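See below for the structure under consideration.
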Amino acid sequence: MKKDYSKSAEKLVQAMGGKDNITRVFHCMTRLRFYVKDKNKIDEAEIKKLSEISGVNWHQDQFQVIAGNEVNEMYAELVKMGVPNDDADSSAKSTEKKGIGSAIIDSVTGCMTPMIPALTAAGMIKVVLTLLTTFNLVSDTSSTYQVISFIGDAAFYFMPFLIAANAAKVFNVNQSLALIIAGVFLHPNFTAMIESGDPITFFSIPVTPTTYSYSVIPVILMVWIMSYIVKLVDRITPRIVKLILHPTLVILISAPIAIIVVGPLGGIIGDGLAVAIDFLSTKLGFIIVGILSAAFPFIVMTGMHHALTPIGLNAVATGGDTLIFVSQVCSNVAQGGASLAVAVRSKDKNMKQLASASGISALMGITEPALYGVTLKLKRPVVAAAIAAGIGGIVGGLLQVTLYIAQNCLLAIPAFIGEKGMTNFIYGLIMIVVSFAGAFILTMILGFKDETEEGEDTADGEESGAEKEAKPLVEKIQILSPATGTVKDITEVPDKTFADKILGDGAAVVPEEGKIYAPADGTVVNIMDTKHGIMFQTAQGVELLIHIGLETVNLNGKYFTSHVENGAQVKAGDLLVEFDLDAIKKEGYDPITPVVVTNGDDYIRSVNMLKSGEKAAHGDCLLTIV
């Protein structure tokens with residue numbers, strides 16, 4: 001039976017703060033990558049509850065939701081819901097200022113990530129071709145061989161076109177104009193002029209003869225520069241002739257810059273990266289493979305692993321990779337081994353199921369479910385995987401294992417077949433076995449802090465019955481009304497996120513005065529910059545969201561005054577926030593104030609002590625949590 005992802009996608013959007021809070025979403029092979037208007041509206045706890053989601057991660061201002069093998073289905077539902085996305089809307093960008101390094105990494109990631117499926121397909125076609133010739137099913141002189149070869153080679157040869165299409169979205173440039181620049185780099189006449197060896201000039205300006213097929217950096221740089229050229233031309237062209245003159249000037253300005261300046265500069269940068277890698281390989285030898293293999297899980301966490309992809313692709317395109325993809329194979333296989341060891345050893349049925357599926361997924365190159373849902377969560381397994389990957393990488397470095405196709409998982413096994421013959425194939429298998437077996441055995445030896453079905457941590461097994469019985473069976477926690485006014489059931493709040501209990505269960509108060517008081521002894525975890533929302537934790541650990549009014553975030557703090565700071569320890573009844581109730585009503589905002597228990601799963605239930613329609617003074621018991 002086909003799974004319905006629509007409900008999960010709807011819950012995800014609600015937990016993201018609603019569709020209006022999302023400015024852009026795109027995805028890679030495992031992650032939904034969101035940009036939002038207000039980070040404070042995101043309920044990470046609710047997102048993690050979705051069965052399709054393995055975890056979440058912030059990278060600068062990008063919120064990453066790890067959906068593993070179900071990312072395509074979830075993304076498709078988000079598109080159907082009209083969430084701003086790369087397929088429909090590329091103009092919505094985050095306005096948060098980034099560092100130069102972060103901006104470069106994000107740009108490279110945005111350009112490279114969408115083309116991974118095409119490169120994977122091209123690589124596997126090359127694997128098929130290798131197998132056909134290895135087993136003498138096709139002659140390397142036949143036309144069949146030639147056809148399959150150029151089919152598999154097309155994605156690599158015309159890589160500038162793929163990158164230009166993606167870069168146009170990243171830098172908000174007309175895609176057709178960006179593709180024309182890629183065409184300039186790869187035009188047969190230009191290629192023939194380069195291959196002839198004769199000097200090339202443009203109005204007496206020398207043009208450096210550089211081949212751009214298989215290239216990455218020149219196109220990214222040029223489309224980025226085009227984004228500024230487009231703005232410049234837009235300012236100087238008269239409106240009456242803009243339709244014709246604007247694109248013409250953009251191309252006439254961009255194309256010469258591309259072949260005279262940017263193309264050679266991109267080549268220099270690419271060559272510099274290659275020299276840097278060669279230098280590290282020369283100085284550190286096989287050790288660099290081990291270091292990169294061990295570090296890859298943590299590089300993935302930062303999202304910087306895509307920045308290494310162009311280096312690996314260039315190596316594959318020019319003879320074979322001995323570092324980037326080799327390291328990824330060791331790391332991913334090790335993650336799979338560690339996760340499967342968790343599946344064997346864990347006593348938690350849910351963890352067994354998650355670890356089994358994540359382990360297999362990691363062996364196929366999708367490591368985020370294993371990393372975020374299993375190994376990193378349990379701590380020791382991620383250490384075991386890193387150590388084993390490092391050992392596997394050292395073995396691969398010592399044996400000079402080479403990958404002839406861009407692969408990062410067990411599917412890389414056929415990719416070991418190439419110029420070095422079956423010896424490289426056998427060495428590659430040894431490297432994989434060492435990485436997998438090492439991670440599996442080390443995880444079994446180091447153990448981990450398991451999670452029982454009751455949700456209690458144990459050292460390596462269940463707590464004894466005596467220990468469980470020693471704990472109190474029932475604990476009642478009172479939550480006082482933070483405001484004076486009329487009580488409403490949470491389902492009566494005219495906001496679907498609260499009414500549907502997406503954020504959690506609770507109650508609401510329609511305030512009669514503009515004052516919010518502490519609902520218990522505890523800590524003010526966070527008062528939002530707009531002062532309309534308070535995250536509060538009681539001394540017993542109950543997490544509460546006090547949301548003053550609906551959509552009052554739009555007031556940007558106007559009419560609100562905070563009397564406490566983040567981290568303040570307060571007593572029940574202490575004044576937290578004052579607000580101008582009449583002014584907020586005049587602005588057209590509903591002042592109803594939901595009080596939500598955001599970690600309700602930690603408790604049996606919450607009971608509304610005051611019923612809908614009853615009057616409450618601040619300090620009256622609003623909720624009792626069991």
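Given the structure is predicted, the values throughout are model-derived calculations rather than measurements. If you read the sequence from its start, that first residue is 1, and numbering goes on from there.
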Rounded distance (nearest 0.5 Å) linking atom [atom1] of [X] with atom [atom2] of [Y]:
X    : Y    : atom1 : atom2 : answer
I251 : I181 : CD1   : CD1   : 4.5 Å
L249 : I229 : CG    : CD1   : 11.0 Å
M528 : K41  : CE    : NZ    : 9.5 Å
F26  : F34  : CZ    : CZ    : 11.0 Å
I479 : L544 : CD1   : CG    : 4.5 Å

**Asked** Within a reach of under 6.0 Å around NZ of K11, are more than 12 heavy atoms found that belong to other residues, nucleotides or ligands?
**Response** no
For [X] and [Y], which heavy atoms make the closest approach, and how far apart are they?
X    : Y    : result
M226 : S254 : CG-OG, 3.5 Å
S339 : A355 : O-CB, 3.3 Å
P247 : L177 : CB-CD2, 4.2 Å
F325 : D321 : N-OD2, 2.7 Å
A165 : Q175 : O-NE2, 3.1 Å
S331 : A389 : CA-CB, 3.7 Å

Ignoring hydrogens and angles, tell me if any N or O in the side chain of [X] forms a donor-acceptor pair with the backbone of [Y] under 3.5 Å.
X    : Y    : result
K352 : A343 : yes
T237 : V233 : yes
K19  : G82  : no
N566 : I527 : yes
N166 : L162 : yes
D348 : S346 : no
N556 : T530 : no

**Prompt:** Do the rings of H547 and H532 sit parallel, tilted or perpendicular, given the 30° and 60° boundaries?
**Reply:** perpendicular
**Prompt:** Should the ring pair W224 and Y228 be called parallel, tilted or perpendicular, given that the plane angle runs from 0 to 90° and is split at 30 and 60?
**Reply:** perpendicular
**Message:** Using side-chain contact (heavy atoms from CB on, under 4.5 Å), reason through V553 and Y589 one step at a time and then give a plain yes or no.
**Reply:** CA-CA 10 Å; V553 64; Y589 293 96; over 6 Å; no
Measuring only between side-chain heavy atoms, which start at C-beta, is [X] closer than 4.5 Å to [Y]?
X    : Y    : answer
I47  : I42  : yes
F161 : V219 : no
K488 : V493 : no
V13  : L78  : yes

**Asked** Given the rule in the side-chain contact (heavy atoms from CB on, under 4.5 Å) test, do V36 and T23 qualify, once you have shown the distances and angles that lead to the verdict?
**Response** CA-CA 5 Å; V36 297; T23 59; 5.7 Å; no
**Asked** How far apart are the C-alpha atoms of F63 and E44, what are their side-chain angles, what is the distance that settles it, and do they pass the side-chain contact (heavy atoms from CB on, under 4.5 Å) test?
**Response** CA-CA 10 Å; F63 185 64; E44 296 186 17; 3.9 Å; yes
**Steps toward salt bridge (Lys or Arg N to Asp or Glu O under 4.0 Å) verdict (K49, E46)** = CA-CA 5 Å; K49 291 178 185 177; E46 285 299 320; 2.8 Å; yes
Side chains of [X] and [Y] only: does a donor on one sit below 3.5 Å from an acceptor on the other?
X    : Y    : result
S6   : E77  : no
T491 : D489 : yes
Y35  : Q62  : yes

**Fill in**
Residues at least two apart in sequence or cross-chain that pass salt bridge (charged side-chain N to carboxylate O under 4.0 Å, His left out) with K242, listed by chain then number, are D234
**Request:** Assess whether side-chain contact (heavy atoms from CB on, under 4.5 Å) is satisfied between V374 and V382, documenting all intermediate values.
**Result:** CA-CA 8 Å; V374 182; V382 77; over 6 Å; no
**Item:** Partners meeting ring pair (Phe, Tyr, Trp, His ring centres under 6.0 Å) with F185 (sequence neighbours left out)
**Value:** Y212
**Fill in**
For E587, the side-chain hydrogen bond (donor to acceptor under 3.5 Å, both in side chains) test, sequence neighbours excluded, returns Y559
